[in-house]
Amino acid sequence: MTLLHLENLTKRFGGLIAVNDVSFDVAEGTIVGLIGPNGAGKTTVFNLITGNYRADSGKIVFDGRLINNLPTHKIVSLGIARTFQTIRLFHKLTALENVLAGCHCRMKSGSVAAMFQPPWQRAEEKKALDKAMGELRFVNLETQAMNLAENLSYGNQRLLEVARALATEPRLIILDEPAGGMNDQETAQLIDTIRQIQARGVTVLLIEHDMSLVMKACEKIVVLENGAKIAEGTPPEIKANRRVIEAYLGTDEE
Amino acid sequence: MKNKRWIVYAAFSLVLLTSPAVLNRYWIDVLNVVGLYVMLSLSLNIILGHCGMFHMGHAAFYAVGAYTTAILNTVYAIPVLWLMPLSGLLAGLFALVIARPIIHLRGDYLLIVTIGFVEIVRIALINNVFGITGGANGIFGIDRPTIFGMKISTPGQFFYLIWFFVAVTIYLLRKLEHSRFGRALNYIREDDVAAAGSGIDISHYKLIAFVIGAVWAGFCGTLFAAKMTIIAPESFNFWESVLLFMIVLLGGRGSIAGVILGTFLVIGLPELFRQFATARMLVFGAVMIIMMIFRPEGILPPPPRTYRLDRTAEPEEAA
Amino acid sequence: MEFFFQQLTNGLAVGGIYALIALGYTMVYGVLKLINFAHGDLFMIGAYLGLTLLTALGLADYLSPFCVIALLAVMVLILVAILGVVLERVAYRPLRQAHRLSAVVSALGASIFFQNIVMLIYGAKFQVYPHDLMPRTVVHIFGMPVPLIRILILLASVVMMVALYTFIQRTKVGTAIRAAAIDQGAARLMGINVDRVIALVFVIGPALGGAAGLMVGIYYGQINFTMGWIYGLKAFTAAILGGIGNIPGAMVGGLMLGLIEAFAAAYLSVAWKDAFAFCVLILILIVRPTGLLGERVAEKV
Amino acid sequence: MGKRFITGMAVVFALLLCVQPVMAADTIKIGLMAPLTGAWASEGQDMKQIVDLLAEELNAKGGLLGKKVEIISEDDGGDPKTAALAAQRLSNSGVVAVIGTYGSSVTEASQAIYDEAKIMQIANGSTAIRLSEKGLKNFLRTCPRDDEQGNVAAKTVVGMGFKNIAILHDNTSYAKGLADEAKGLLEKQPVKIVFYDALTPGERDYNTILTKIKAAKPDVVLFTGYYPEAGLLLRQKMEMGWNVPFIGGDATNNPDLVKIAGAKAAEGYYFLSPPVPQDLDTKAAKDFMSAFKKKYNAEPGSVWAVLAGDGFNAVAAAIKGSGSTETAKMVAYLKTQLKDLPGLTGNISFDDKGDRVGDLYRVYRVDASGKFVLQP
């Protein structure tokens with residue numbers, strides 16, 4: 001079953017066409033990789049899906065619902081969570097609070113409830129706290145709960161972003177270069193984590209430059225070049241695709 | 001360590017509560033002004049400290065509250081304290097209306113727009129808008145508040161009235177801080193893109209923060225009108241907003257204890273410097289720079305929130 | 001119609017001064033992202049220094065008016081620039097790594113300090129420039145009397161703006177300033193001495209403010225210690241209106257603010273003109289959130 | 001952080017305690033509340049100079065009731081909130097009476113405090129009518145009220161034969177009050193008000209407003225604001241080549257007006273004001289002028305500051321006359337017994353409301369050399 005469906009998506013920045021008529025599907029429960037050379041428009045695609053940018057034309061359908069013009073927070077509450085290429089944590093807040101941010105959209109209490117703290121509000125807070133600790137445990141960061149995000153190691157910061165995204169209870173998680181800046185051992189663990197995420201029933205869409213990770217983890221790969229899709233298929237298919245090889249290695253004519 | 005902090009706060013409260021017994025009327029009144037400003041600064045703290053919006057027009061909301069009280073009290077003779085909820089409500093409504101179209105403005109652009117609002121409000125008040133604000137004269141003859149038939153008029157009586165409301169404010173705002181709402185404001189302050197990416201409706205929260213801050217400023221307006229019995233536009237000028245802005249930053253953004261201490265300094269110091277006569281504001285300006293240089297994040301930046309975690313032991317705070 | 005043109009020149013004259021002060025705001029803001037609230041007070045100090053030098057040196061007795069003004073301008077520019085650099089060193093540099101707003105509080109403190117020190121030195125009374133300093137020539141443009149000095153002020157503002165713009169866009173130092181404005185860290189890696197760039201900005205910005213102060217002193221004659229606050233706020237408004245950090249923006253914003261005020265006063269109400277000007281500002285920012293000429297920065301995600 | 005908080009608070013409180021005023025009983029303390037800082041600092045500092053000088057002279061002559069007089073001055077910052085604090089502070093410092101202050105709303109914020117503390121207050125610059133209409137027993141003032149000046153202004157304008165009148169104020173409590181009074185009275189006369197609006201005080205360029213007034217074609221402009229703006233208006237009016245006569249209120253009675261406008265632009269300017277000591281032939285005025293010049297090497301500034309001096313004279317007379325420093329006795333003496341005390345601005349008497357009695361206003365004209373000439 002298709003969870004996310006992109007159809008003829010186009011985004012221009014001034015004269016530059018960052019994303020050009022891109023279409024692909026992400027099936028529920030799969031791990032899909034989005035690859036391509038620098039500047040191919042991968043992150044722009046992500047930003048279009050999550051509502052950070054507005055598409056100039058084309059359709060984004062999530063679970064049968066058109067989400068093109070929804071604001072980011074609505075998209076998150078529908079079940080799409082993301083991490084960022086350049087880590088965007090709340091640096092001056094604790095790791096726990098970073099994850100609690102993710103719990104936010106599944107909670108109800110507002111300002112008045114906060115001031116008077118009725119029992120249901122306290123129960124909700126406690127539940128959120130448990131959940132946040134659970135997600136920290138999931139990425140093996142429970143011991144870091146009370147440390148400020150800015151004091152975490154680079155790899156842990158990436159994991160913390162994953163935990164924050166998972167706390168939103170997403171059906172689709174979008175990871176933007178999750179292995180960026182990680183060493184081999186951390187990357188291996190990350191692949192494990194991504195599989196575990198899949199095992200929880202969450203669909204994964206990721207951008208990654210680390211080809212070994214992509215080939216190992218993904219069931220389907222979409223390749224972008226200069227904003228346009230040039231290939232789509234399973235890892236072995238992509239490995240054998242001439243255009244992909246040209247895009248990555250360059251052609252002799254150039 | 002946590003207990004120790006509570007002892008400090010309890011001791012401070014005790015000293016404060018008993019101080020009217022030993023202080024003369026002047027110093028009690030200084031404490032009254034400090035109390036009003038604590039409330040005002042704490043309300044600005046929600047907007048500026050917690051949510052990180054550059055808001056330099058808080059006096060506008062304060063003015064709406066004060067004028068609501070003054071007009072309804074002098075024209076319809078409604079008891080002053082009854083008007084407090086209404087003043088807060090109107091100030092909040094006013095904030096809702098003006099903030100809606102500007103909430104998306106960033107940093108300094110928001111700053112000048114809020115300055116613009118406070119100036120527009122002041123000019124409107126001075127020009128006797130709708131014929132009800134009394135122009136430059138302001139409104140005089142506002143009743144003293146009464147509680148259970150007791151008329152509040154001496155500085156000592158006002159002290160307890162004002163600081164009672166300050167205590168309520170601190171209690172409620174502390175709860176607000178330690179909640180989903182309070183955290184959401186901090187997320188927005190730290191990184192609004194990441195906050196939106198975590199499912200937080202940024203403009204909604206910004207707007208609500210504005211409105212809550214304004215409601216509180218409206219409450220303060222009532223107390224101010226009752227305390228002064230006369231209000232005039234110059235009490236709500238741009239400089240007043242700047243003062244509040246400085247209090248929050250000097251005390252520590254998002255820190256209740258810091259903002260209280262900041263108020264004592266910003267409102268108290270010029271009173272202390274009265275011995276320098278005409279040079280008192282000069283000394284004040286210099287102290288301002290020095291304090292910022294030595295404590296750029298404010299005198300008492302907020303400590304990280306603590307949470308009771310079930311399985312782990314209660315974590316120690318990091319400060 | 002004559003009324004309209006008369007008000008047009010009135011607005012341009014006021015706007016020219018706003019623009020000149022706004023240039024200083026925008027320079028400092030562009031590089032440091034700091035709203036220098038003490039800028040208006042540097043402007044005020046410029047006016048006071050001009051008067052002090054004028055009376056102390058007695059230049060007017062043996063030099064022609066234009067020589068006097070040129071000489072004064074040079075001295076005031078230098079002195080206010082020195083003050084600006086000192087201000088940056090003392091009040092802003094220690095806060096460079098801190099949160100942006102910390103420096104704003106420091107700037108407000110500096111503003112209070114400057115106002116009060118001038119009050120203590122010169123007294124609270126209004127000070128007055130000599131009346132015969134400038135020949136009060138009136139020229140006729142399309143049959144309309146316009147004081148020559150107004151044209152000169154407007155001209156001076158435009159010349160300074162163009163000079164500054166050329167300096168920033170065309171020279172090596174200007175490039176360094178622009179680089180530091182975009183990314184201080186990267187600029188440092190490219191071998192740019194960012195501290196020196198910032199010091200330079202605090203030479204140019206305050207000097208422009210000081211020049212404006214001198215002009216106001218010469219033209220209007222009456223100065224006092226609180227005038228920096230009023231002009232500073234107006235100029236800050238102008239800088240934002242044009243898009244803060246943008247040099248032509250400061251000019252456009254200044255002139256526009258002057259014109260809005262003049263026409264609001266002329267055709268609506270004098271008492272409400274400032275409120276009206278702020279309303280226009282707010283409306284413009286709602287439509288163009290970064291001002292008239294400000295770049296629309298797409299948030300990089 | 002707890003420690004830091006308590007240290008901070010301890011420092012603040014320690015400082016608070018150190019500066020408690022020390023009481024001494026061997027002098028008669030008289031309070032002066034004045035805007036020593038802020039926008040009206042110039043007036044406030046003049047007030048202090050004058051009152052200090054008069055107190056010094058009085059002490060040189062032996063003081064009052066065998067005791068020396070001590071002036072305790074407090075800054076009201078020209079702002080109601082600060083004024084309320086200053087009033088509390090003075091009420092606590094053992095003063096027997098308070099002189100001041102300048103702005104009406106600022107005075108108003110302090111009135112209730114002095115009333116509750118039962119301290120006599122003599123305001124010097126607060127002309128708003130309502131201040132003395134509230135029935136406060138211990139409030140007096142040496143300045144005339146807006147209605148009186150409005151009356152004189154209207155009469156003067158009509159008497160000079162003007163038909164089309166422009167009224168310009170500056171939206172301060174004082175100027176607006178006066179402008180409204182004058183407007184109300186003029187509307188009953190066979191003259192036309194062709195312009196009525198307010199400028200923003202503190203600006204430098206009033207060409208826009210002048211252009212607008214000029215378009216309304218008045219034969220006279222009545223400006224009720226203060227001298228800094230009046231000076232600029234006159235100067236810019238001349239530069240525009242517009243020769244309309246200007247009439248101003250007493251807030252323009254300040255020598256700096258001519259300095260700002262320049263003698264040439266100021267020539268022919270009329271204003272209404274209580275007489276300044278320079279123009280009075282009385283001994284009190286002459287002695288004061290020479291003493292002031294000797295001590296400060298300048299002429300006293302605005303008439304308001306001089307009226308603070310008269311406030312001091314009234315307090316001194318009350319203490320001497322009633323032989324007491326009790327508020328009730330002093331007030332009773334001033335309101336009922338005091339007749340024509342020779343003051344710096346002419347003779348001083350008070351009516352039952354505490355307002356100054358007598359036709360105080362004179363019309364002045366600025367001559368070609370920039371001197372203020374009392375018109376017959």
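Since the model is a prediction, treat every value here as computed from it, not as a measurement. The analysis underlying the following values was restricted to heavy atoms, covering all of them including side chains, and did not include hydrogens, waters or symmetry mates. Proteins come first, then strands; the chains are lettered A, B, ... in the order of their sequence lines, and each starts at number 1.
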Heavy-atom closest pair, residues D/Pro80 and B/Met228: O-CE, 3.5 Å

Between OG1 on residue D/Thr37 and CG on residue B/Leu282, distance to nearest 0.5 Å: 11.5 Å

B/Ile230 versus chain D, the contacting section by heavy-atom distance below 4.5 Å: side chain

Chain B interface, residue from D/Gln45, D/Glu74, D/Lys81, D/Lys176 that has the most non-hydrogen pairs under 4.5 Å: D/Lys81

Heavy-atom pair with the smallest gap, counting every atom of D/Gln88 and B/Pro155: NE2-CG, 3.4 Å

Those residues that, when tested against B/Lys151, pass side chain to side chain contact (heavy atoms under 4.5 Å, CB included) (two or more places apart): B/Arg144, B/Thr146

Part of D/Thr172 lying under 4.5 Å from any heavy atom of chain B: backbone

Shortest non-hydrogen contact from D/Asn92 toward B/Tyr26: ND2-N, 2.7 Å

Part of B/Pro233 within contact of chain D (heavy atom distance under 4.5 Å): neither

Rounded distance (nearest 0.5 Å) linking atom OG1 of D/Thr82 with atom CD of B/Glu271: 7.0 Å

D/Lys134, NZ: over 12 other non-hydrogen atoms inside 6.0 angstrom: yes

Non-neighbouring partners of B/Tyr160 that pass side chain to side chain contact (heavy atoms under 4.5 Å, CB included), sequence neighbours left out: B/Leu17, B/Pro20

Which atoms of D/Ala86 approach chain B - backbone, side chain, both or neither, heavy atom under 4.5 Å: both

Where B/Asp29 and D/Ala84 come nearest, the two heavy atoms and their spacing: OD2-O, 4.5 Å

Between CD on residue D/Glu108 and OG1 on residue B/Thr229, distance to nearest 0.5 Å: 7.5 Å

Gap separating the CG atom of B/Asn127 from the CG atom of D/Asp197, nearest 0.5 angstrom: 8.0 Å

Between CD1 on residue B/Ile123 and OG1 on residue D/Thr200, distance to nearest 0.5 Å: 6.5 Å

Residue pair B/Ala136 / D/Ser173: nearest heavy atoms and the distance that separates them: CB-N, 3.3 Å

